[in-house]
Colleague: 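My structure is below; once you've seen it, I'll send some questions.
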Amino acid sequence: MDDQIRRTMPLFSMSIVQKLTGLTARQIRYYEEHHLVQPERTEGNRRVFSFNDVEQLLEIKSLLDKGVNLAGIKHVLGMKTIEAMQPPVEKVAKKPEMSNADVMKYLKSELIQAGRHGKASLIQGELSRFFH
DNA sequence: ATTCTCACA
DNA sequence: TGTGAGAA
């Protein structure tokens, strides 16, 4: 139950999420309009994303590369949400979704990538707690 | 300096 | 989806 809090806890600013996902702020806001992600808001109306939101965005990016349109992505993500809420069911086959380990690996590569450009201090600070 | 909303020569 | 304006 403590894990649920960790991935739901709002931690990332727009700039951080942009670097982490490679998506533009415009796209991220657009996906939010379509309820593909539901970031929290600060008192100043700034978006604050959780670890789950970042994973969700990465999943969206993945599907986009596969040529899936927003309507299709909504269905895929919708199924995921339903599954998460009605879990007491044996999943027949394994899901080709990004595992937590895959996400971690991806984020690390992003940090290295950004590091080669000398501008990773920001996101490293934000993610450090996840790489203990 | 950052991010937000809104609107489109 | 990009982009710029005006505000917070």
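These numbers were taken from a predicted model, which means no experiment stands behind them. Residue numbers begin at 1 in each chain, while the letters A, B, ... track the order of the sequences.
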Colleague: Do A:Phe49 and A:Met14 have side-chain heavy atoms sitting under 4.5 Å apart?
Modeller: yes
Colleague: In whole Å, what is the span from the CD atom of A:Glu33 to the C1' atom of C:dT1?
Modeller: 12 Å
Colleague: Can you find a pair of side-chain heavy atoms, one from A:Phe12 and one from A:Val48, that are under 4.5 Å apart?
Modeller: no
Colleague: Run A:Glu33 and A:Lys74 through salt bridge (Lys or Arg N to Asp or Glu O under 4.0 Å) and show every step you take.
Modeller: CA-CA 12 Å; A:Glu33 285 186 62; A:Lys74 281 185 181 180; over 6 Å; no
Colleague: Any salt bridge between A:Arg7 and A:Asp3, counting N to O under 4.0 Å?
Modeller: yes
Colleague: Would you mind building the protein contact string for nucleotides 3-9 of chain B? One character per nucleotide, 5' to 3', B for base within reach (heavy atoms under 4.0 Å), S for sugar-phosphate only, - for untouched.
Modeller: BSB----
Colleague: As a check on the pairing definition, encode DNA chain B in dot-bracket form, counting Watson-Crick and G-U wobble pairs whose two distances are under 3.5 Å, and using | for partners outside this strand.
Modeller: .|||||||.
Colleague: Looking only at heavy atoms, which two atoms of A:Gln38 and A:Asp53 are closest? And how far apart?
Modeller: N-OD1, 3.7 Å
Colleague: So which heavy atom on A:Pro10 is nearest to which on A:Glu40, and how close?
Modeller: CG-CG, 3.2 Å
Colleague: Does A:Tyr31 place a side-chain N or O at less than 4.0 Å from the phosphate oxygens OP1/OP2 of C:dT1?
Modeller: yes
Colleague: Between NZ of A:Lys19 and OG of A:Ser13, what distance do you get to the nearest 0.5 Å?
Modeller: 8.0 Å
Colleague: Determine the sole option in A:Val54, A:Leu57, A:Asn52, A:Val17 for which the side chain to side chain contact (heavy atoms under 4.5 Å, CB included) test with A:Val37 is passed.
Modeller: A:Leu57
